Amino acid sequence: MNHTEDVTAGCTRPPELLDLPDGFLLRRRTLADADPVNAAIVRNIDHLRPWMVWADTAPTLAHTQEMTRVGWQLWEEGSDYMYVLGRADRPDSVLGMFGLHRRIGPGALEIGYWVDLGHTGRSLATNGAAALTVAALALPDVERVEIHCDEANAASAAVPRKLGYRLDRVAERPASAPAETGRKLIWIKER
């Protein structure tokens, strides 16, 4: 059964489980995920550091536990929805993180993502973002979904391009991570 198809208009939150092609899934991040999420971040810190401002140093387990608790609370409040990318046959696996964030204003959600270095090049970011796009646009209060990435991050920019998002604008801002140019691409898909 494809849980992405379970998304129905009128829901106030996205589904907690989204099946992806080839035996992968996105599932709501739970409090029990803190240890494997921390291990995945630490394992990928050099891969994440160029693009993620929060990846300047490897997080402690205590920090990841707190961020997981905060993420759980934000889901309950309806402001952010954090997902773990994993294998369907290994539900405790952590191969990346995805999120839907209400930080861009009313009527919109922003998709964020990263994929484990050993699993890049398999369309996991594209498939995960596609499932989250469908889920987000099925919510009654969401008219627009955005993906933001730095102009130099070609891998991240390929995702919205493949999914039919349109490049709305390039926002100039100070670079916040080591590889950034300070030119943020804002990709948009509307209902």
Side-chain angles (χ1 to χ4, degrees), residues 3-4 6-7 11-20 24-45 47-49 51-88 90-117 119-120 124-139 141-142 144-149 153 156 159-160 163 176-177 187 189:
H3 294 279
T4 306
D6 293 342
V7 178
C11 294
T12 58
R13 289 190 174 88
E16 294 188 10
L17 179 65
L18 298 166
D19 285 331
L20 304 179
F24 293 93
L25 56 78
L26 291 178
R27 62 176 175 77
R28 180 182 179 181
R29 185 172 73 181
T30 69
L31 300 175
D33 290 318
D35 288 359
V37 165
N38 182 261
I41 293 171
V42 169
R43 180 175 68 244
N44 283 280
I45 199 70
H47 171 58
L48 299 171
R49 186 174 293 121
W51 308 112
M52 308 287 186
V53 66
W54 54 264
D56 58 336
T57 60
T60 64
L61 178 56
H63 178 74
T64 303
Q65 289 169 333
E66 177 60 16
M67 292 296 93
T68 301
R69 187 194 64 71
V70 169
W72 180 267
Q73 184 62 38
L74 292 173
W75 184 298
E76 293 299 309
E77 294 170 2
S79 65
D80 281 63
Y81 309 101
M82 301 302 297
Y83 290 86
V84 170
L85 169 67
R87 293 207 48 87
R90 291 185 42 225
D92 59 340
S93 60
V94 177
L95 304 175
M97 301 290 300
F98 285 71
L100 289 171
H101 310 284
R102 292 193 183 271
R103 59 188 171 212
I104 56 174
L109 284 169
E110 179 186 347
I111 296 176
Y113 47 85
W114 65 266
V115 174
D116 178 89
L117 180 60
H119 289 81
T120 59
L124 294 172
T126 302
N127 293 336
L132 288 179
T133 299
V134 170
L137 291 174
L139 298 174
D141 65 330
V142 175
R144 182 180 84 252
V145 181
E146 297 184 6
I147 295 176
H148 299 187
C149 64
N153 192 339
S156 282
V159 170
L163 296 177
S176 57
W187 298 88
K189 185 163 244 187

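What you are looking at is a predicted structure, and each value in this text was computed from that prediction instead of being measured.
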- Query: Within a strict 4.5 Å, meaning less than it, do heavy atoms of the T57 and R49 side chains meet?
  - Reply: no
- Message: Under a 3.5 Å distance rule, please check whether K189 uses its side chain to pair with a backbone N or O of L163 as donor and acceptor.
- Response: yes
- Query: Would you call L85 and L20 a side-chain contact if the rule is heavy atoms closer than 4.5 Å?
  - Reply: yes
- Item | Close side-chain approach of N44 and M97, heavy atoms under 4.5 Å | no
- Message: Closer than 3.5 angstrom, by distance alone: can the side chain of H47 be matched with the main-chain N or O of V115 as a donor-acceptor pair?
- Response: yes
- If you measure from OG1 on T60 to CD on Q65, what distance do you get to the nearest 0.5 Å? 8.0 Å
- Note on the structure: Tightest non-hydrogen contact, residues L26 and G128, listed as CD1-O, 3.7 Å
- Check for a donor-acceptor pair, side chain of R102 on one end and backbone N or O of G78 on the other, with a separation under 3.5 Å. yes
- Got a second to check how far D92's CG is from R87's CZ, nearest 0.5 Å? 12.5 Å
- List the atom of I45, the atom of A55, and the distance in Å for their closest heavy-atom pair. CD1-O, 3.6 Å
- Below 4.5 Å, heavy atoms only, C-beta onward: do I41 and W114 meet side chain to side chain? yes
- Can you tell me how far the CZ atom of R43 sits from the CG atom of L48, to the nearest 0.5 Å? 10.0 Å
- Query: Is the shortest heavy-atom distance from the side chain of W187 to the side chain of C149 under 4.5 Å?
  - Reply: yes
- Message: For a quick test of reading the model, state the closest non-hydrogen atom pair linking A136 to L109 and the distance between them.
- Response: CB-CD1, 3.7 Å
- Take E76 and R69, measure what salt bridge (Lys or Arg N to Asp or Glu O under 4.0 Å) needs, and give me the verdict at the end. CA-CA 11 Å; E76 293 299 309; R69 187 194 64 71; over 6 Å; no
- Any chance you could measure D80, atom CG, to R103, atom CZ, to the nearest 0.5 Å? 7.0 Å
- Within a strict 4.5 Å, meaning less than it, do heavy atoms of the H148 and I104 side chains meet? yes
- Under a 4.5 Å cut-off applied to non-hydrogen side-chain atoms, are I111 and V159 in contact? no
- Give, for atom OG1 of T68 and atom CG of N38, the distance between the pair rounded to the nearest 0.5 Å. 8.5 Å
- Message: For L124, is there any backbone N or O sitting under 3.5 Å from a side-chain donor or acceptor partner on N127?
- Response: no
- Task: Can you measure from NE2 (H119) to CZ (F24) and round to the nearest 0.5 angstrom?
- Result: 5.5 Å
- Please name the pair of heavy atoms, one in L17 and one in R27, separated by the smallest distance, quoted to 0.1 Å. CD1-CB, 3.9 Å
- Query: Between Y83 and R29, is there a cation-pi geometry (under 6.0 Å to ring centre, at most 45° from the normal)?
  - Reply: no
- Closest heavy-atom pair and its distance - P36, V94: CB-CG2, 3.6 Å
- Grab the two heavy atoms, one from V84 and one from D33, that are nearest each other, plus how far apart they are. CG2-OD2, 3.9 Å
- Message: Any side-chain to backbone donor/acceptor pair from R13 onto W75? Under 3.5 Å, distance only.
- Response: yes
- Are Y81 and E16 side-chain neighbours, meaning at least one heavy-atom pair lies under 4.5 Å? no
- Message: Set out, in order, the CA-CA distance, both residues' side-chain angles and the distance that settles side-chain contact (heavy atoms from CB on, under 4.5 Å) for V70 and Q73, then state yes or no.
- Response: CA-CA 5 Å; V70 169; Q73 184 62 38; 5.7 Å; no
